[in-house]
Amino acid sequence: VVRVNSTCRSKTHNARVGGASRSYHLTGNAVDFRVAANTAAVSRFLLGKKSVGGFKHYGFGVFHIDTGPRRTWDGGPRRAWASNRRSRRG
């Protein structure tokens, strides 16, 4: 089961929920959602998709993805992904 928590936000709503001033939610290019089970498999799947730019797993099955450049914040699985990619390039 996937439950979508947030997609396109107004500037007012984005500010109210603590969103970044240049959030991809403001243009409808981000989604926050929750999955009920197997979060490790969901993370692997999303990290394998080239169309996923920003990625964050907040814990408890809550994820954020967007169409921006590949990045993460506050640590998380993407940091390991980025480190692995750099080491493969030489």
Side-chain angles (χ1 to χ4, degrees):
V1 174
V2 176
R3 178 178 179 222
V4 175
N5 299 329
S6 181
T7 56
C8 192
R9 299 176 184 159
S10 69
K11 286 183 181 181
T12 302
H13 179 70
N14 191 59
R16 190 172 345 126
V17 298
S21 62
R22 297 179 64 201
S23 171
Y24 284 90
H25 285 285
L26 296 172
T27 56
N29 290 309
V31 62
D32 296 333
F33 61 96
R34 179 185 301 265
V35 296
N38 207 350
T39 58
V42 171
S43 291
R44 284 191 302 274
F45 174 81
L46 293 170
L47 289 170
K49 297 296 177 188
K50 291 181 181 180
S51 59
V52 173
F55 172 90
K56 175 68 177 170
H57 179 208
Y58 291 99
F60 304 101
V62 179
F63 291 87
H64 166 96
I65 59 173
D66 63 52
T67 61
R70 289 264 180 168
R71 70 202 185 290
T72 190
W73 46 99
D74 300 328
R78 181 55 64 96
R79 178 169 291 165
W81 176 87
S83 297
N84 289 340
R85 294 279 295 175
R86 279 195 295 274
S87 66
R88 286 184 199 145
R89 283 188 229 161

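Computed from a predicted structure; not experimentally measured.
Side-chain atoms of F63 and T39, non-hydrogen and from C-beta on, do get closer than 4.5 Å to each other. Within the 4.5 Å cutoff, no side-chain heavy atoms of V2 are placed close to those of R34. You'll find the side chain of V4 reaches within 4.5 Å of the side chain of V31, heavy atoms only. The side-chain heavy atoms of L26 and N14, taken from C-beta on, include a pair separated by under 4.5 Å. Residues F55 and H64 are not in side-chain contact: their nearest non-hydrogen atoms beyond the backbone lie 4.5 Å or more apart. Side-chain contact check for S6 versus H25: some heavy-atom pair is nearer than 4.5 Å.
The two residues S43 and H57 make their nearest non-hydrogen contact at OG-ND1, 4.3 Å. Shortest non-hydrogen contact noted between G19 and R9 is CA-NH1, 4.0 Å. Closest non-hydrogen pair, R70 versus L47, comes out as NH1-O, 3.2 Å. For D66 against A30, the heavy-atom pair with the smallest separation is CB-CB, 3.6 Å.
In this structure, OG in S23 is found 12.0 Å from NZ in K11, a value given to the nearest 0.5 Å. Rounding to the nearest 0.5 angstrom, the gap separating the CG atom in N29 from the CD1 atom in I65 is 11.0 Å.
The backbone N or O of P69 lies less than 3.5 Å from a partner atom in the side chain of R71, making a donor-acceptor pair.
Hydrophobic clustering (side-chain heavy atoms under 4.5 Å, transitive across Ile, Leu, Val, Met, Phe, Trp, Tyr) keeps V17 apart from Y24.
With salt bridges taken as basic N to acidic carboxylate O contacts below 4.0 Å, none links R3 and D32.
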